[in-house]
Each structure stands twice: as C-alpha cells, then as structure tokens.
Number of protein chains: 2
Amino acid sequence: MRIEDEIHQKHFKDDYRRLLVNLLFTNNWVNQQVMPFFKQLGLTLQQHNVLGILRGQHPEPVCFGDIQNRMVDRNSNVTRLIDKLIEKGYVTRDVCAANRRMIEVRITDKGLKKLEQVDEKFPDLFSKLHNLSKEEAVLASNLLDKLRG
Amino acid sequence: MRIEDEIHQKHFKDDYRRLLVNLLFTNNWVNQQVMPFFKQLGLTLQQHNVLGILRGQHPEPVCFGDIQNRMVDRNSNVTRLIDKLIEKGYVTRDVCAANRRMIEVRITDKGLKKLEQVDEKFPDLFSKLHNLSKEEAVLASNLLDKLRG
DNA sequence: GCATGTTATTTGTATATACAAGTAATGTAC
DNA sequence: GTACATTACTTGTATATACAAATAACATGC
C-alpha cells in the first residue's frame, strides 16, 4: 500500500520527504511485526540481540562496550539489559580479572536453548517480509546502506 | 556503509534477515537525524506530525480519531500529545457540538508560525538523505511500500 | 608515587511508549 | 424509553528510552 494511502495524504512535496515519512512509517510497521514475535518468546528485540552477540563469541565472554558496538540499537542501556537477562538466567556477568573496569558477559546453556527456540520460530517472522522477492530484498538493503552513507 | 560493518557481523544467513536488521538499524539512524532537528525547534516528531495534519485542514478542525489515522506513528497517545501542544499554545481543543464524544482540534496562529519556522529549516534535515539520488529515493520508497504489502 | 585524564560501567531522572481498563456520549433494538 | 452495544476519548501503570551525571579502575606524565 502506497504511503500516501496509509496516512491519507494526497502527495508529498518531493521524493526525499516521501522517503523520510516512508522510513518512519515502515519502522512502525516492522516493530509491530517484530515485537509480538519476541514477546511470545519472553524476550525483547534488544535482549535477543544481546544473546545473539554472546552466542557468536561463546564460550568466550564479551564486554559491555563490545556488546554496545555490535547492537542494532546503539541506544540501549547495556547495564540494565544484562540485569534483565541475568534475572532470566540467560547470561552470567563477572568482573574481568585483567581490567577490573570491564565486565565479562557469557551466555548460559539456558540462554543457548532459548536462542534455539527462537531460531525454530524465525521462519514465521521472516515470512512477513516475503512481499519482496529475494532480489528486491537485496536491492532494498543496499539502498538503505547507501542512504546512511 | 554496509550493515555487516556497522554491527561487526561477518554475514547474514539470508537476504531477508539482512533486510530486517538493516531496517531496524536504519530506523535508529533516521531517528538520530530527525530527533535533534525537531528538538532544537522545541517540538517532537509526533507533535510536528500533528501540527502538519491540522494545517492541512485549517481552518477546519480535526478530531482525535482522524488525527490518529493520519499519523505516521499510530501508537502515539493523541490525548497526551494534544495536551502538550495546548500547553505550548499551538492548538485549541473544543467539544464537538454535533457529537459531544468528539473533540475538535484546531491549529492556532502561533502553531502555524512554528510550522513555518520548521519549513525554513527543512532543507537541513532532508539534506541528510542526499546520499541517494532522486531516482534511488523513489525506488527505495516504492520498495518499502511493497514490503508492507 | 601522585595528580590528572581517560575509559568502562552505573545510576538518576524526566519523558515516552505499550497496553489495558475506564468513562461518557451516542446508536440500536425492542 | 430503557437495556445493551459501540464509539471516542481518557486514564493508569509498568516498562523503556534519552541523556546527563557519577563512580571506579586504569594509564600517563612528571
């Protein structure tokens, strides 16, 4: 559905304005696909993102700064995110012996199992993007890369 | 910059996963362009969106439901948004005589002036999207439309 | 080895968001 | 004209976010 119809606006002054509004509107659409998906699994998008980063290094630990740099949403408060994941038993935290300012975070077996459970369901989530062909998905992704410069 | 480099991830399992992450990452990028722009003008993105909708109908009023349907972010709480805009003197609200459940919202002269002030600065904001050519902007926008179905 | 700056994480706080429940006016069936 | 449902907006609340300030460990120059 054209963005003009979505927000009941006849036309945009120029193509860049249309793109900006479309990006903002599409983000909300994406969030509404993604949020319930993770919610039913007892995670938030950011919590899942952290677990994925930790699995990538497992069994090595990852420190807060590195987690932050690899996160899709850089604004997340890593301290409080990790607190939540510890509560749920999905990660552990230890002070780094070599540099006691740093915190080593590791994913637990329980966390790994939770990720596997998410993986099994992932096709349900990605199917929501199948209005685009594979080629269009690649094209869209590359345009977003270029947009950000 | 490729999304792989942005989040320090070597590769994605498939093109749809890459697109989803790219959409989420790009949204944060867009927000970081947009939020400070409106903040310096004493507005939030949603408040500006409402003022724009009201200007479109000015001097006719718009009721809450119509505002919500035309907003880019449908999750906004219109009641509390309007409260803020009244505080700032940019809109008025009156109970609709014909149907006393409805609220008629109108933009004030002060609100119109604020919008003009935003309009003057808009080129600064849109210039941030100029990594894409006009043709690419149209293409990207159309792909987003198609993505949502 | 002490002062000063830098890095890594934590905490505080004001505002925003998501989501559910509440209220009040209107419409509809009988 | 009186129940009952629906519409339109409001309120409450728990959680999340943005942003600034604080703390604590380490690094550097002297």
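Order of the sequence lines sets the chain letters (A, B, ...), proteins ahead of strands, with each chain counted from 1. Values below: all heavy atoms of this structure, side chains included; hydrogens, waters and symmetry mates excluded.
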OP1, OP2 of D:dA18 versus side-chain N and O of A:Asn75: anything below 4.0 Å? yes
Within the structure, does a side-chain N or O atom of B:Arg100 lie under 4.0 Å from either OP1 or OP2 of D:dT7? no
Quick note, B:Phe64 side chain, CB onward, closest among D:dT13, D:dC9, D:dA25 is D:dC9
Exercise for review: Would you mind checking if A:Glu104 and A:Arg106 are paired as a salt bridge, meaning a charged N to carboxylate O distance below 4.0 Å?
Suggested key: yes
_Taking any heavy-atom pair under 4.0 Å as a contact, classify B:Asn99: base, sugar-phosphate, or nothing._
sugar-phosphate
Any base atoms under 4.0 Å from B:Arg74, or only sugar-phosphate, or nothing? Heavy atoms, all strands. nothing
When rounded to whole Å, the CZ to C1' distance for the pair B:Arg93 and D:dT10 reads 9 Å
Any donor-acceptor N or O pair under 3.5 Å, side chains A:Arg17, A:Asn22: no
Pair of N/O donor and acceptor under 3.5 Å linking C:dT9 base with A:Arg101 side chain | no
In A:Tyr90, A:Phe37, A:Phe122, the residue satisfying ring pair (Phe, Tyr, Trp, His ring centres under 6.0 Å) with A:His48 is A:Phe122
*asked:* Please check this pair: side chain of B:Lys128 against backbone of A:Leu147, looking for a donor-acceptor N/O pair closer than 3.5 Å.
replied: no
Discussion item. Is there a side-chain contact between A:Arg80 and the phosphate of C:dG12, meaning an N or O under 4.0 Å from OP1 or OP2?
Written reply: no
Discussion item. Using a 4.0 Å heavy-atom cut-off, does A:Thr44 contact any base of the nucleic acid, only the sugar-phosphate backbone, or nothing at all?
Written reply: sugar-phosphate
